[in-house]
Number of protein chains: 2
Amino acid sequence: MKASATDGLKPRKQPIQSRSGVTVEAIHEATIQVLLAEDLGRFTTTRVADRAGVSVGTLYQYFPNKEALLYAILLNHFEAMATEFERIASNAENAPLSDLAASIADAYVSVKMRNPEATKAMYRIAGAINQVRLSSDVFARMGRAVGEILGKANDASFADPKTATFTVLAALAGLARGSFGELGEDHGVLDNLRIESRRLAIAYLHAAASAGKNA
Amino acid sequence: MKASATDGLKPRKQPIQSRSGVTVEAIHEATIQVLLAEDLGRFTTTRVADRAGVSVGTLYQYFPNKEALLYAILLNHFEAMATEFERIASNAENAPLSDLAASIADAYVSVKMRNPEATKAMYRIAGAINQVRLSSDVFARMGRAVGEILGKANDASFADPKTATFTVLAALAGLARGSFGELGEDHGVLDNLRIESRRLAIAYLHAAASAGKNA
DNA sequence: AATATATCTGAACAATCCTTCAGTTTGGAA
DNA sequence: TTCCAAACTGAAGGATTGTTCAGATATATT
């Protein structure tokens, strides 16, 4: 049996009765809350269990270790994002690049806004765990979907769609991170996130497309 | 005496003899190395001291606590960035927006590239400490300098320069983070960082400028 | 009602960890 | 050389943490 990269991070057992489903959900929510309330150094299995109204032993029945709690949050978020992009990719007809770029930006912002606390909590995990090892397949899904969307532009084409995809997503991620961060909250940057994300995606993607014109 | 937000994070004493200057520098470097070698949970004062070839006691003569080690790295990096932007702001003559945008992007990438290990180490700290509390004045310096640079465009003007500044910097940060991250290293994204950063900054800033035309 | 299985509990253990401080070594001024 | 302050040492203390497991409780099945 080959050891997977995500071994020791997956849930330990599946909830069968309904009460255990409630427990798992409570632990998820508590993970986020503890992440927001304390700093990473005080993120503790005991604290999460307390906040979830559950004993530590129960927590360890569904999560093999502390890292798995963070993993679950991260994976949830990225899968929602990937799913959203795939939905757009399969629904979109050929259209002007501006429209496609806008829909990519809107999707990104929508997912981030759907659960702001989870989003903020995510940003605190960042360096704590190896993000790639945890969810490289999810990133691949996102890349493929966005690439597919870009292919539907009827007024532009990309010489290097992979790079264009990587750059938009990374730039949107940076803008969202900055806006959700504590720097932004005081200055009302969050209100502009939607419009600025659109502007950013549209402008960059047009530039990236026209860069390949004479190739 | 009012308590400052950065109390308990500043260096404990200034090096007087030359050997102590060497020690402090060794601790800085060791901080980065430990950050890269182990994950955040195993970032330990003892480990940093060992790697620096120094005893823990010595470490605590210059840093009041573990957090201060991270703070020092972060502050170093951001101050280098702010200084670079200020240098550009005071040297730049009136010029086309494209040139100014390119110089902003170049400066950003240059600082990040100057010490890639420190850059990568920084990304691991992220959520571990309250970034704003630590260095909000440095961020203000960066914002002011970039705003000043944008003001020198002789072919464009900004209705909302603060937002434009925030968005470029956040987007560039996201792109850099993604490129330095482990996702990017395998795919050679780092080679494109310079050109993509330029493209991103130029495209967005033009869009942001023309957005205020009819106001 | 009786049995089996799923779920939950929380005290206990071993492993670190951060930080201090009494004492030693080193560098330079007198 | 003498002497003082700067710089360094590292064992020890007090506190916290991740994880386990033997037993208690709740739900489902017969």
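By convention in this document, chain letters (A, B, ...) are assigned in the order of the sequence lines, proteins followed by strands, and residues within each chain are numbered from 1. All of these numbers come straight from a predicted model, not from anything done at the bench. Just so you know, these numbers use all the heavy atoms, side chains as well, and skip hydrogens, waters and symmetry mates.
Using a 4.0 Å heavy-atom distance criterion, B:Thr58 is classed as a base contact. Within 4.0 Å (heavy atoms only), A:Arg42 reaches no atom of the nucleic acid at all. Using a 4.0 Å heavy-atom distance criterion, B:Phe43 is classed as a sugar-phosphate-only contact. Using a 4.0 Å heavy-atom cutoff across all strands shown, B:Thr45 reaches at least one base atom of the nucleic acid.
Relative orientation of the B:Tyr108 and B:Phe85 rings is tilted, given thresholds of 30° and 60° on the angle between their planes.
What separates CG of B:Leu40 from P of C:dC17 is a distance of 13 Å, to the nearest Å. The distance between atom OH of A:Tyr60 and atom C1' of D:dA22, rounded to the nearest whole Å, is 18 Å. One interatomic measurement links the two molecules: CG of A:Leu59 to C1' of C:dT7, which rounds to 14 Å at whole-angstrom precision. In this entry the distance linking CG of A:Asn65 with P of D:dT17 reads 17 Å, nearest Å. If you measure from atom NZ of A:Lys66 to atom P of D:dT16, you get 15 Å, rounded to the nearest angstrom. Residue A:Gln61 contributes atom CD, which lies 6 Å from atom C1' of C:dT7 at whole-angstrom precision. Per the geometry, CG belonging to A:Asp39 stands 13 Å off P belonging to C:dC18, to the nearest Å. Atom pair B:Leu70:CG and C:dC18:C1' shows a separation of 14 Å (rounding to whole Å applied).
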Exercise for review: Please test A:Ser110 against A:Arg194 for side chain to side chain donor-acceptor pair (under 3.5 Å), starting from the C-alpha separation and ending with a verdict.
Suggested key: CA-CA 8 Å; A:Ser110 290; A:Arg194 278 213 145 78; 3.2 Å; yes

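For C:dC18, one of the phosphate oxygens OP1 or OP2 lies less than 4.0 angstrom from a side-chain nitrogen or oxygen of B:Thr44. For C:dT7, the OP1/OP2 oxygens have no side-chain nitrogen or oxygen of A:Thr23 closer than 4.0 Å.
Taking the side chain of B:Arg47 as heavy atoms from C-beta on, and the options D:dG18, C:dC17, C:dC8, the nearest nucleotide is C:dC17. Side-chain proximity of A:Tyr62 to C:dC8, D:dC8, D:dT19: nearest is C:dC8.
With hydrogens and angles ignored, the 3.5 Å screen pairs no side-chain donor or acceptor of A:Ser179 with any backbone N or O of A:Leu193.
Here A:Phe180 contributes atom CZ and A:Leu175 contributes atom CG; the two are 10.0 Å apart, rounded to the nearest 0.5 Å.
Looking at every heavy atom in both residues, A:Ala203 comes nearest to B:Ala207 through CB-CB, 3.7 Å.
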